[in-house]
Amino acid sequence: MQRIENLIRILALEAVQSFWKTSMEEGAIQVQKTRRDFKGDFTVVVFPLLRHSRLSPELTGETMGQFINEKSELISDYNVVKGFLNLVVDQKYWKQLLELELSSESYGKTDVVASAPKVMIEYSSPNTNKPLHLGHIRNNLLGHSVSQILEASGKQVQKVNLVNDRGIHICKSMLSWLKEGEGETPGSSGLKGDHLVGKYYVRYDKIYKAQVETAIKEGKAKTEAEAEAPILAEAREMLLKWEAEDPEVRTLWEMMNGWVYEGFKKTYERLGISFHKTYYESETYKLGKEIILKGLNEGVLYQKEDGSVWANLEDEGLDQKLLLRSDGTSVYMTQDVGTAHQRYEESEFDSHIYVVGNEQNYHFQVLSIVLKKLGYSWSDRLYHLSYGMVELPEGKMKSREGTVVDADDLMDEMESTARQMSDELGKLGEFEEEEKSRIFRQVGMGALKYFILKVDPKKNMTFDPKESVDFNGNTGPFIQYTYARIRSVLRKGVDVPKAVGSQEMNDKEVALVRLMYDYPEVINEAARALNPSLVANFLFDLAKEFNQFYHDHSILNAEEQEVVSLRLLLVDAISRIIESGMNLLGIEVPERM
RNA sequence: GGUUCCGUAGCUCAGUUGGACAGAGCAACAGCCUUCUAAGCUGUGGGUCGCGCGUUCGAAUCGCGCCGGAAUCACCA
């Protein structure tokens, strides 16, 4: 169906043309939604037109309003307030929309066709030396949600993960496990694999600190003591052995990484996220080297006396950047150059999104520039979706102070809170335990996901545990509850036909249709801005509006049968959009709660 | 110090190409369940949109300058 704003814009241009004999560009006509306190659906701002009309704002608006009103049967009324021309859309448009489009399964989404732009999105990218925490949760949820949104806006989306499975940090966990682990495995201890490995990473740090302290007591300077700690030397040695593919080290490495992957797999399943492809740094870390050396040969890069290779980024207002160490080994940047190259070769993406925290803004800025210097035409197709830190009310999470919020613990807590809330409210008493735990999982996870996704990604956010378990107000459970209410009504009204009749819709009904009219634009805007919070806030507005309607008007017990039919059609459409929108956020909706 | 981002109600956040008296939720207070799920709904109070200048018919929104906060500027990843 035709979008009303476009119609208005066209008619407004015609009016300008015929009354004032000038033409304007289409973009010059400002059409926006009418504010709640005024009568009307869409508003044309007439101020920009005054220099053409040479009339007062009121007269200009009046002239144009009359013209549009007469020209289109879809505009049934208008009024002018100050410099604003408010247009009322005829109910038959809203009814048609409800009947023809809102009832469709895929309303708001764009089909993905073979010629659609290809987007590759990398997210999660965990280290294998510790379990996931709250910060990773934001990453994972954002990555998943943005993928869903991009797909809904018609893009071909390829989700990839890059596991950081090598490096000195892994060796640290391995080392302390060898020293103190006494053969402990996930099987023997019952610990989740990633937690087990994380435990030994912490152990390493304790040993290291103790050694540093001892050295300081013996009179060494702090920096010296830190650099010379025996266990650090051992870790370095282990890394060298790893790079040399020492079988013993490799076997241990594979075993412990295996534990971690088992653990991650569970966490990913619980979060409901997945990838088309997982890359491992151990397999890709050498990739960039060749490209860098080629760049050196071509004179794009330069070498220092000690053999290290650098890029000079001073033309771009930046500094020098190291790309290969003097010993010839790769750094982070080297391998990102390599993986970007590899991925482009594999898929010829139209854009590549990296979901990575804002502490790496500089890194990605440099990555694009380096790729450009190396002559890759697609270097400007990389986009860093940079999201803010998650902080606690007390401040930053610090592992040293034990304030890191563990992902698994947090999910447990959210689910048990859902259970507790439900029991207190006396809901779901008669259900089987299996059914109940499924719902509590949905609600608990819904609360967590919504809490994080409703905030603009680029902003730092505060995670207040108290607030996050509040299931009232602007929360996931509020929206899920709205869905469950509608489903409950629909179950009871199965025999009534869903249809629009000839009767007038009341203000609330129109308001609901008008809100749903926005859904396609919300998806597209969220995809453009890579911002799930737009979807989240839209759903909240819709749920809020529905709950008001629900409170004031009975659906099944409306006086006339026609009204019942219309309202059933209406609320059915609402439930479907809630389900669809929540799905874009990676949140499930329960039939009952 | 350079670069990037942020600063809106007591708290957490909306406010998308500049538009009509700045909006929610939480918290506080006062109400609404014999009627489709009260995880809901209604009402009250609460703001110099960090500060200043500028552009404009019009600025929370754009520009400049301050102030405050975060991140980053490694032969770490």
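Order of the sequence lines sets the chain letters (A, B, ...), proteins ahead of strands, with each chain counted from 1. Heavy atoms only: backbone and side chains are in, while hydrogens, waters and symmetry mates are out.
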Report task. Assign A/Pro393 to base, sugar-phosphate, or nothing according to its heavy-atom contacts below 4.0 angstrom with the strands shown. Result -> nothing
Query raised in the report: Base, sugar-phosphate, or nothing for A/Glu591, non-hydrogen atoms under 4.0 angstrom?
Result: base
Query raised in the report: Does the separation of the ring centres of A/Tyr285 and A/Trp242 fall below 6.0 angstrom?
Result: yes
Requested in this report: Sequence neighbours left out, what passes ring-ring contact (aromatic ring centres under 6.0 Å, His included) with A/Phe38? Give chain and number order.
Outcome: none
**Report entry** Partner set under ring-ring contact (aromatic ring centres under 6.0 Å, His included) for A/Phe264, not counting sequence neighbours
**Finding:** none
Requested in this report: Tell me what A/Lys427 touches on the nucleic acid: a base, only sugar-phosphate, or nothing, going by heavy atoms under 4.0 Å.
Outcome: base
**Report entry** Within residues 457-467 of chain A: residues closer than 4.0 Å to RNA chain B (heavy atoms)
**Finding:** A/Lys458, A/Lys459, A/Asn460, A/Met461, A/Thr462, A/Glu467
Query raised in the report: Across the strands shown, which category fits A/Asp552 at heavy-atom distances under 4.0 angstrom: base, sugar-phosphate, nothing?
Result: nothing
Side-chain donor-acceptor pairs of residues 476-484 of chain A under 3.5 Å, sequence neighbours excluded:
from	atom 1	to	atom 2	distance (Å)
A/Gln480	NE2	A/Gln442	O	3.1
A/Gln480	NE2	A/Glu588	O	2.8
A/Thr482	OG1	A/Phe478	O	2.8
A/Thr482	OG1	A/Asn547	ND2	3.2
A/Tyr483	OH	A/Glu591	OE2	3.2

**Report entry** Nearest-Å distance for atom pair CD/C1', residues A/Gln30 and B/rC57
**Finding:** 12 Å
Query raised in the report: Base, sugar-phosphate, or nothing for A/Phe84, non-hydrogen atoms under 4.0 angstrom?
Result: base
Report task. Using a 4.0 Å heavy-atom cut-off across all strands, classify A/His553 as base, sugar-phosphate, or nothing. Result -> base
Report task. Could you check whether A/Val331 gets within reach of a base, just the sugar-phosphate, or nothing at all, counting any heavy atom under 4.0 Å? Result -> sugar-phosphate
Query raised in the report: Think A/Lys544 has a side-chain N or O under 4.0 angstrom from the OP1 or OP2 of B/rC41?
Result: yes
Query raised in the report: Using centres under 5.5 Å plus planes under 30 degrees as the test, is A/Phe540 stacked with B/rA24?
Result: no
Query raised in the report: Contact class for A/Phe47 vs. all strands (heavy atom < 4.0 Å): base, sugar-phosphate, or nothing?
Result: base
Requested in this report: Select base, sugar-phosphate, or nothing to describe what A/Arg592 touches, counting heavy atoms under 4.0 Å on all strands.
Outcome: base
Quick one: side chains of residues 362-369 of chain A, donor-acceptor pairs under 3.5 Å with protein atoms, not counting sequence neighbours, listed by atom name and distance.
from	atom 1	to	atom 2	distance (Å)
A/His363	NE2	A/Asp336	OD2	2.8

Query raised in the report: With Watson-Crick and G-U wobble geometry limited to distances under 3.5 Å, how should the secondary structure of RNA chain B be encoded in dot-bracket form, using | for bases paired to another strand and [ ] for crossing pairs?
Result: (((((((..((((.....[...)))).(((((.......))))).....(((((..]....))))))))))))....
